[in-house]
Amino acid sequence: MSVGNVATSIATEKSSRVIEYLLTGTRPLSLLSGKIAARLLESVIMAFAAYSSYFLSQFVCIFLIAGEKASESVSDNVVVISSMWESITFSKLVIVVLYFVAGIALYTIIGALTGASVSKLEELQEALKFYSFIMVICLYADMFLIIMMLNASGLEAFKNFCTIFPLTGAFLTPALILTGKVGMTTGIIALVVLIITAVVAFVLAGAVYESMLLFQGKRIKAKDIIALMKKQVIA
């Protein structure tokens, strides 16, 4: 949702020429930063509200069945919840929250880059296909890892790769850290790699956004973005 919103916002402003009015009093990079920050805050609030509601509902259910004879399935659920909380520490929560926010930021920045690469709103769906393909591949890689972890062992190399690689780690690493499937050292390394990747992606998105603000031609492709980035580095 965050990716789609920021990409649509950027593409709409460029297509409707509203961006020309916005540029009179605001720097392009400030506009881009504001859009990313707003979507990031929105997504984080929604996510934490959903998780808080989930855990609150569990506590409410426990209190409701406290005076009655709980069924075996309900008792099992309570045990699972209790055992999960036992493995959570403050340091883990700090790393997980930072990683979660950085992961949303990375994908939001990718959405901003996608929106900046088009000049017409009609081209946005075509531009988002490549992003969607990458996201689906990364998501299925994480699902494959989880299934294999349940049925086999000796997957440390693949698990560490999915944990540290930013695009796959954004979906999986927080859960692996909280449940103790990966160590704190691996979690910290994954967090540092993710932050570096997000910074690089933001620099690239900023370069494309500034260069393509008033461009009204065909959608630029990946090779054109790389060439544009090289010009920015040389400049």
Side-chain angles (χ1 to χ4, degrees), residues 1-7 36 39-40 42-52 54-55 80-81 83-114 127-205 222 225-226 229:
M1 291 174 61
S2 180
V3 172
N5 287 340
V6 72
I36 294 173
R39 298 306 178 187
L40 177 61
E42 177 188 38
S43 300
V44 170
I45 290 174
M46 289 177 61
F48 279 102
Y51 280 112
S52 299
Y54 168 75
F55 286 111
V80 170
I81 294 169
S83 62
M84 184 185 72
W85 277 105
E86 289 174 359
S87 66
I88 297 177
T89 62
F90 179 75
S91 56
K92 284 184 178 181
L93 280 176
V94 171
I95 294 176
V96 164
V97 170
L98 291 176
Y99 195 97
F100 179 75
V101 173
I104 296 179
L106 175 61
Y107 273 96
T108 304
I109 292 169
I110 294 175
L113 176 61
T114 304
L128 283 172
K129 285 183 179 179
F130 181 68
Y131 157 78
S132 301
F133 176 76
I134 293 177
M135 188 177 68
V136 169
I137 291 297
C138 293
L139 183 60
Y140 273 100
D142 287 339
M143 293 174 62
F144 174 77
L145 174 62
I146 293 173
I147 293 172
M148 294 304 294
M149 287 173 63
L150 294 174
N151 297 284
S153 58
L155 297 169
E156 289 300 316
F158 184 55
K159 180 174 68 176
N160 290 334
F161 173 79
C162 290
T163 301
I164 296 174
F165 185 62
L167 296 180
T168 52
F171 296 102
L172 188 66
T173 299
L176 293 180
I177 294 174
L178 287 179
T179 55
K181 299 299 182 182
V182 297
M184 290 288 291
T185 302
T186 304
I188 293 173
I189 293 173
L191 177 60
V192 172
V193 172
L194 179 61
I195 292 174
I196 293 174
T197 305
V199 171
V200 173
F202 179 74
V203 172
L204 177 58
I225 294 177
I226 295 174
M229 191 61 184

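Count residues from 1 along the sequence.
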Chemist: Side-chain contact, heavy-atom cut-off 4.5 Å: I36 with F202?
Modeler: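 With C-beta onward as the side chain, the pair touches.
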Chemist: Measure the spacing between CD1 of I109 and OG1 of T197 and express it to the nearest 0.5 Å.
Modeler: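 Rounded to the nearest 0.5 Å, the CD1-OG1 separation comes to 10.0 Å.
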Chemist: So with a 6.0 Å cut-off around NZ of K181, is the heavy-atom count from everything else above 12?
Modeler: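 12 or below, so no.
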Chemist: Find the distance between OG1 (T168) and CZ (F144) and round it off to the nearest 0.5 Å.
Modeler: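 CZ of F144 is found 13.5 Å from OG1 of T168.
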Chemist: Restricting to non-hydrogen atoms, name the atom on A205 and the atom on L113 that form the minimum distance, rounded to 0.1 Å.
Modeler: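 For A205 and L113, the tightest heavy-atom pair comes out as CA-CD1, 3.9 Å.
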Chemist: Under the criterion side chain to side chain contact (heavy atoms under 4.5 Å, CB included), I'd like the reasoning laid out for M148 against F158: C-alpha separation, chi angles, the key distance, then a yes or no.
Modeler: CA-CA 10 Å; M148 294 304 294; F158 184 55; over 6 Å; no
Chemist: Is any side-chain heavy atom of T173 less than 4.5 Å from a side-chain heavy atom of V96?
Modeler: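 No. Closest side-chain heavy atoms not under 4.5 Å.
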Chemist: Give the C-alpha distance, both sets of side-chain angles, the deciding distance and a yes or no for side chain to side chain contact (heavy atoms under 4.5 Å, CB included) between T163 and L172.
Modeler: CA-CA 7 Å; T163 301; L172 188 66; 5.6 Å; no
Chemist: Rounded to the nearest 0.5 Å, how far does CG of L40 lie from OG1 of T108?
Modeler: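 With rounding to 0.5 Å, OG1 (T108) is 6.0 Å from CG (L40).
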Chemist: Within the distance-only criterion (no hydrogens, no angle test), does the side chain of Y107 pair as donor or acceptor with the backbone N or O of L167 below 3.5 angstrom?
Modeler: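 A pair under 3.5 Å: yes.
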Chemist: Using atom types as modelled and distance alone, determine if a side-chain donor or acceptor of S52 lies under 3.5 Å from a backbone N or O of F48.
Modeler: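 Yes: the side chain of S52 pairs with the backbone of F48.
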Chemist: Does M143 reach the side chain of F171, with side-chain heavy atoms less than 4.5 Å apart?
Modeler: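 The answer is no, as the side chains (C-beta and beyond) never meet within the 4.5 Å cut-off.
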Chemist: Roughly how far, to the nearest 0.5 Å, is CG of L93 from CG of L98?
Modeler: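 Atom-to-atom, L98:CG and L93:CG are 10.5 Å apart.
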Chemist: Nearest heavy-atom pair of I95 and G187: which atoms, and what distance?
Modeler: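 Heavy atoms of I95 and G187 come nearest at CG2-O, 4.1 Å.
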